[in-house]
Undergrad: 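Quick one: structure below, then a few questions.
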Amino acid sequence: MSTDSIDTTANPDPSDLPLFATALPQRPGRVRGSFSMTPTTSAPAPNGDGISHAGPVTRRLPRSFAGELDWPSVAALRQQASDRLSAALGEDRARTTAAEQRGRGRAIIVELLEGEAAERIDVGAPTWSPAEEAAMATAVDNALFGLGRLQPLVDDDTVENIIITGHDQVTLELTDGQLVPGPAVADSDAELIDFLVFLASRSEVNARPFSQAQPRLHLRLDGGARLAAAAWVTPRPCVVIRRHRLRRVRLEDLVGMGTLTDVAASFLSAAVKARRSIVVAGAQGAGKTTLVRALCAEIPPHEAIGTFETEYELHLHELKDQHPIVVAWEARPGSGERGPDGRQAGEFTLSEALFDSFRFNLSRQIVGEVRGHEILAMLKAMESGAGSISTTHAPSAEGAIAKLVTCAMEAGAHVTHDYAVRAIAAAIDVVVYVHLETAPTRDGVWQRRRWVAEIITVAPGEKDKGYATQRVFRTVPGEQAATPHVLDDSYRDLARYGFNLDGFVAATPGAAR
């Protein structure tokens with residue numbers, strides 16, 4: 001392969017480069033397994049930390065293009081392009097925008113491909129067709145700046161979630177809820193791990209460690225998707241990429257999808273406008289974040305909102321017409337050894353973000369997800385101001401309370417069970433449970449269905465439990481929508497905020513008017 005120097009002092013417009021004269025293909029439509037892109041190495045070499053890293057690769061000359069790329073060639077080109085781009089940017093990297101870096105990178109890719117094509121002619125090897133050359137350019141660009149062989153799956157508008165339990169064990173959850181097999185995303189598990197390490201370290205803003213010492217990875221991807229990965233502590237590397245298709249969503253949209261009824265939507269809308277604090281509970285993948293976005297759409301546009309997340313998922317700060325004033329905080333895990341205070345260098349927690357937020361004149365504080373110590377940030381937010389919204393994983397609405405109590409007690413011995421129960425009962429007003437069900441269709445394809453199955457109100461009381469609940473909406477066996485049940489008198493005033501009280505009463509036989 002040619003190694004002539006490349007002049008990258010200029011910042012070329014990608015549209016001026018022949019292979020990138022048009023936008024990179026996004027491949028809408030159904031998923032195809034024959035055209036996927038990722039860096040690979042033909043001979044990965046361990047460097048002592050258990051991770052295989054791409055090094056110099058001796059490549060065979062590729063076969064003629066037959067609908068599938070030569071991934072070792074893609075890997076070698078990506079490595080060379082990465083090295084040349086780093087050398088070209090030098091100390092200017094921090095002052096160069098992502099678009100400028102990609103423009104320079106594409107110029108490098110074009111020249112590398114031209115050198116490869118010339119070498120093929122010199123040795124009498126099969127030359128690339130225009131289609132193969134364009135595919136190689138896109139593959140190297142995806143490997144260097146995108147998600148490699150995962151990129152076509154993330155670009156596919158029919159794919160909601162990507163579930164990987166090994167490089168060749170891929171399941172795709174489509175937007176209609178169907179679960180279908182997907183194409184391999186690497187040629188080996190070692191290659192998949194190697195790419196995850198590269199992906200985790202590539203971020204200029206919030207890079208994440210991923211190694212044997214840090215075997216778990218949570219990462220926000222360009223475009224807003226969320227990646228979670230684990231390796232070394234699982235039999236094979238496991239990855240889940242969740243795409244958030246419904247960013248701009250309202251409660252009426254969910255009514256149209258059958259997720260909840262008109263009356264339940266009016267209750268939740270009124271609860272938000274009345275500044276009641278809400279927790280959305282459900283299983284993994286049940287649609288909790290989507291429901292929270294819909295709830296947040298009911299917040300009046302003049303209110304200043306603060307969001308607190310380990311990785312951005314709500315993306316309220318990107319909906320400027322809907323939420324003009326949003327301060328979005330994202331936690332940072334830190335890296336390296338822990339200092340005397342037990343913290344890693346660069347660590348930034350949600351509790352710190354919440355502490356800082358009290359100087360930002362916010363109307364509402366929204367903690368995206370509570371899995372553990374985030375409960376303290378959630379409780380502080382709910383105790384400090386009304387109208388907070390959070391999510392957590394739980395098997396039922398009341399089960400969410402027990403889950404949050406457990407999370408609070410994990411914060412340390414200073415948080416007793418009684419204190420946790422009292423604090424949660426005082427802070428939370430409403431819990432919404434979203435049910436997830438997976439069942440086969442008539443065609444034998446597994447499909448997921450989601451709906452709001454339960455809405456309860458919470459209040460301090462009942463000496464034995466420390467709190468009292470009232471099931472406002474419940475799901476009758478055999479149905480897939482929560483229907484009115486019993487309304488606490490203190491929530492009748494939600495009619496002032498748009499709650500369809502008459503509709504609730506009409507759908508509740510025997511209820512007092």
Side-chain angles (χ1 to χ4, degrees), residues 260 264 267-268 270-272 274-289 291-292 295 308 310 350-351 354 364-436 450-475 482 484-491 494:
L260 72 168
F267 176 84
L268 293 177
V272 172
R275 302 181 66 82
R276 304 282 184 150
S277 292
I278 301 173
V279 170
V280 178
Q284 298 180 41
K288 300 184 295 297
T289 302
L291 179 56
V292 168
L295 293 175
F308 307 84
T310 52
L350 293 185
S351 294
L354 190 73
R364 301 194 191 228
Q365 296 160 310
I366 298 174
V367 180
E369 182 179 22
V370 174
R371 292 176 295 174
H373 292 179
E374 300 91 349
I375 179 65
L376 300 182
M378 186 204 81
L379 288 175
K380 188 178 293 184
M382 291 184 171
E383 291 171 346
S384 303
S388 182
I389 304 173
S390 298
T391 73
T392 194
H393 299 96
S396 65
E398 188 164 353
I401 300 174
K403 163 70 179 298
L404 295 175
V405 169
T406 300
C407 290
M409 294 176 64
E410 289 175 353
H414 62 286
V415 180
T416 65
H417 180 272
D418 289 345
Y419 169 78
V421 170
R422 289 197 307 271
I424 290 169
I428 298 173
D429 298 310
V430 177
V431 179
V432 186
Y433 174 66
V434 186
H435 182 72
L436 172 66
R450 305 168 174 87
W451 68 91
V452 171
E454 197 177 9
I455 301 175
I456 68 173
T457 57
V458 184
E462 292 194 15
K463 182 178 180 181
D464 291 340
K465 293 197 300 183
Y467 62 90
T469 62
Q470 186 69 267
R471 187 171 283 103
V472 184
F473 291 85
R474 67 174 182 176
T475 299
H485 183 50
V486 178
L487 182 67
D488 189 284
D489 288 341
S490 63
Y491 282 82
L494 291 185

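These numbers were taken from a predicted model, which means no experiment stands behind them.
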Undergrad: Could you tell me which non-hydrogen atom of Ala397 sits nearest to which non-hydrogen atom of Val431, and how far apart they are?
TA: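 Smallest interatomic distance, heavy atoms only, reads O-CG1, 3.5 Å.
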Undergrad: Looking only at heavy atoms, which two atoms of Val430 and Phe267 are closest? And how far apart?
TA: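 Smallest interatomic distance, heavy atoms only, reads CG1-CE2, 4.4 Å.
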Undergrad: So which atom in Val434 and which in Ala286 form the shortest heavy-atom distance, rounded to 0.1 Å?
TA: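 Minimum heavy-atom separation between Val434 and Ala286: CG1-O, 3.2 Å.
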Undergrad: Please tell me if the side chains of Thr475 and Trp451 come closer than 4.5 Å, counting only heavy atoms from C-beta onward.
TA: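 Yes. Closest side-chain heavy atoms under 4.5 Å.
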Undergrad: Asp489: what forms a salt bridge (Lys or Arg N to Asp or Glu O under 4.0 Å) with it, not counting sequence neighbours?
TA: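 With neighbours one apart ignored, the set is Arg492.
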Undergrad: Any luck finding a side-chain donor-acceptor pair between His485 and Arg471 under 3.5 Å?
TA: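 There is no such pair between these side chains.
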Undergrad: Checking Ser388 side chain against Gln365 main chain: does a donor-acceptor pair fall under 3.5 Å?
TA: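 Yes.
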Undergrad: Please give me the minimum heavy-atom distance between Thr392 and Lys288, naming the atom from each residue.
TA: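 Distance-wise, the nearest heavy atoms are O-CD, 3.3 Å.
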Undergrad: Show the nearest heavy-atom pair for residues Ala425 and Pro460, with the distance to one decimal.
TA: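 Reported closest heavy-atom pair: O-CD, 3.6 Å.
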Undergrad: Of all the heavy-atom pairs spanning Val432 and Ile455, show the shortest one and how long it is.
TA: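 The pair with the smallest heavy-atom distance is CG1-CG1, 4.1 Å.
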Undergrad: Return the CG to CZ distance between Leu487 and Phe473, rounded to the nearest 0.5 Å.
TA: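 If we round to the nearest 0.5 Å, Leu487:CG and Phe473:CZ are 8.0 Å apart.
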Undergrad: Under a 3.5 Å cutoff, is there a donor and acceptor pairing between the side chains of Asp488 and Ser490?
TA: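 Looking only at side-chain atoms, Ser490 and Asp488 do form a donor-acceptor pair, the distance falling under 3.5 Å.
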Undergrad: Tell me, do Val292 and Glu369 make a side-chain contact under 4.5 Å, heavy atoms counted?
TA: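 Side chain of Val292 against side chain of Glu369, heavy atoms only: no contact under 4.5 Å found.
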Undergrad: Would you say that Glu454 contacts His435 through its side chain, given a criterion of any heavy-atom pair below 4.5 Å between the two side chains?
TA: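 The answer is no; the side chains never approach within 4.5 Å.
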Undergrad: Please examine the side chains of Thr469 and Ile401, heavy atoms only from C-beta on, and report whether any two atoms are closer than 4.5 Å.
TA: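 Result yes, sub-4.5 Å side-chain heavy-atom pair found.
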Undergrad: Within the structure provided, determine whether Arg276 and Thr457 are in side-chain contact (heavy-atom separation under 4.5 Å).
TA: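 No, their side chains stay 4.5 Å or more apart.
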Undergrad: Side-chain contact, heavy-atom cut-off 4.5 Å: Ile428 with Ser277?
TA: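 Answer no - side chains too far apart.
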